[in-house]
Amino acid sequence: TFAVVERDVVDALRDTARRERTTVGSALVAAAAGAFAAVAAAADNKKKIKVLQSLDMRRFGDYSSRDELSCQAGSFDVLLAAPASDFWATAREASAQLETFLESDFGPHSVRVFDWATDAMEMTRLVELEADNPLTLGRAYACGVSNAGVYHLDAPRPQVYYATSIAYSGSALQAYVVTVNGALHCCFEAPTPVVPPAALRDFADLFLRALRLAARPTTQQATGLTRTLATSLAPR
């Protein structure tokens, strides 16, 4: 499933995120968590939603030693309560958890652990083991967000999308985004038959609607987001 969030919406979302003391990246996490809660009918569930937020771990690698692999990728687990109507409160909580991760020096240690485990205990085997887990069916996360960053291309209407395989292990529902010439290009993925195609379409639709509603003035956000969630949870 592919979609584009227009540049004017992205600009408005960025401005609103700054006023709300958070970031677009955290808004993406909030949108994913809210969309998953709606699709899974988990809004009243007391269990927290585990979101996989991909991070660029290269900044934490030690390239001065030939003995370290300095892993080029990584992620961060965000645990969020099932969001209701307060989109920006959820985004601020995601930001707070990421700040704690960064300020606690977990980044460099994460790289070292991955480097050591890959070399000493065949860590890639864990992917296969998780895929065979009958309790999770390889789904260690409810949903995930991977943001590839901001790029400017010399093209009138560029169409750029990307994704990685989650066939064996990963999130139940995954969003990949990249900002190209100011517009947010989105790709949504889910493993079948674990997740029905209709659930993926609903997740993508709710994710996009959450971002567009969050970019509106605050007085319109609360009503719009509440209506979106209520409609998506209505019996079918």
Side-chain angles (χ1 to χ4, degrees), residues 3-37 48-60 73-108 110 141-152 160-162 171 173-188 203-204 206-222 224-225 228-229:
V4 175
V5 179
E6 302 78 6
R7 179 170 184 169
D8 59 334
V9 176
V10 176
D11 290 341
L13 182 67
R14 184 182 300 107
D15 292 341
T16 305
R18 289 171 177 168
R19 289 196 299 271
E20 294 290 341
R21 306 184 307 281
T22 183
T23 65
V24 170
S26 293
L28 296 173
V29 172
F36 175 86
K48 291 191 174 182
I49 295 174
K50 190 175 183 181
V51 184
L52 181 68
Q53 182 179 12
S54 297
L55 298 177
D56 180 3
M57 302 295 282
R58 288 173 294 183
R59 69 187 66 186
F60 302 120
S75 58
F76 168 67
D77 299 357
V78 186
L79 296 176
L80 299 171
S85 60
D86 199 339
F87 177 91
W88 290 112
T90 303
R92 285 192 293 271
E93 173 59 24
S95 286
Q97 292 186 29
L98 179 57
E99 288 177 7
T100 299
F101 174 83
L102 296 175
E103 293 172 358
S104 300
D105 206 30
F106 286 155
S110 297
Y141 302 88
C143 56
V145 176
S146 180
N147 184 358
V150 179
Y151 298 88
H152 297 278
V160 180
Y161 304 95
Y162 86 102
S171 305
L173 292 159
Q174 180 74 28
Y176 303 92
V177 303
V178 55
T179 303
V180 181
N181 294 357
L184 193 69
H185 294 233
C186 308
C187 175
F188 302 94
F203 175 77
L206 290 164
F207 180 92
L208 296 167
R209 276 196 279 171
L211 294 181
R212 292 190 170 103
L213 286 168
R216 296 180 180 179
T218 306
T219 54
Q220 298 179 23
Q221 287 176 22
L225 287 169
T228 295
L229 185 57

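Scope of the values below: all heavy atoms of this structure, side chains included, with no hydrogens, waters or symmetry mates. Predicted, not measured: the structure shown is a model, and the values here were computed from it.
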Assess the residue pair Arg216 and Leu213 against the criterion (side-chain contact (heavy atoms from CB on, under 4.5 Å)); give the C-alpha distance rounded to whole Å, side-chain angles, the decisive distance to 0.1 Å, and a yes or no. CA-CA 5 Å; Arg216 296 180 180 179; Leu213 286 168; 3.2 Å; yes

From [X] [atom1] over to [Y] [atom2], what is the distance, rounded to the nearest 0.5 angstrom?
{"X": "Tyr176", "Y": "Cys187", "atom1": "OH", "atom2": "SG", "answer": "7.5 Å"}
{"X": "Cys143", "Y": "Leu80", "atom1": "SG", "atom2": "CG", "answer": "8.5 Å"}
{"X": "Arg92", "Y": "Glu99", "atom1": "CZ", "atom2": "CD", "answer": "12.0 Å"}
{"X": "Tyr141", "Y": "Ile49", "atom1": "OH", "atom2": "CD1", "answer": "15.0 Å"}
{"X": "Asp8", "Y": "Leu13", "atom1": "CG", "atom2": "CG", "answer": "11.5 Å"}
{"X": "Thr22", "Y": "Leu98", "atom1": "OG1", "atom2": "CG", "answer": "9.5 Å"}

Within the structure provided, determine whether [X] and [Y] are in side-chain contact (heavy-atom separation under 4.5 Å).
{"X": "Phe207", "Y": "Leu173", "result": "no"}
{"X": "Asp11", "Y": "Arg14", "result": "yes"}
{"X": "Glu20", "Y": "Phe87", "result": "no"}
{"X": "Arg7", "Y": "Val10", "result": "no"}

Work out which heavy atom in [X] is nearest to a heavy atom in [Y]; give both atom names and the distance.
{"X": "Asp77", "Y": "Lys50", "value": "OD2-CE, 3.4 Å"}
{"X": "Ser171", "Y": "Gly144", "value": "OG-N, 3.5 Å"}
{"X": "Ala94", "Y": "Val29", "value": "CB-CG1, 4.0 Å"}
{"X": "Gln53", "Y": "Val78", "value": "OE1-CG2, 3.7 Å"}
{"X": "Val145", "Y": "Gln174", "value": "N-NE2, 3.6 Å"}
{"X": "Val160", "Y": "His185", "value": "O-CB, 3.0 Å"}

If only side-chain N and O atoms count, and only distance matters, is there a donor-acceptor pair under 3.5 Å linking Arg19 with Thr16? yes

Matching residue for Leu211 among Val24, Leu206, Leu184 - test: side-chain contact (heavy atoms from CB on, under 4.5 Å): Leu184

Please work out whether the ring planes of Phe188 and Phe203 are parallel, tilted or perpendicular, with thresholds of 30° and 60°. perpendicular

Using the test side-chain hydrogen bond (donor to acceptor under 3.5 Å, both in side chains), find all partners of Ser146 that sit at least two apart in sequence or belong to another chain. Tyr162

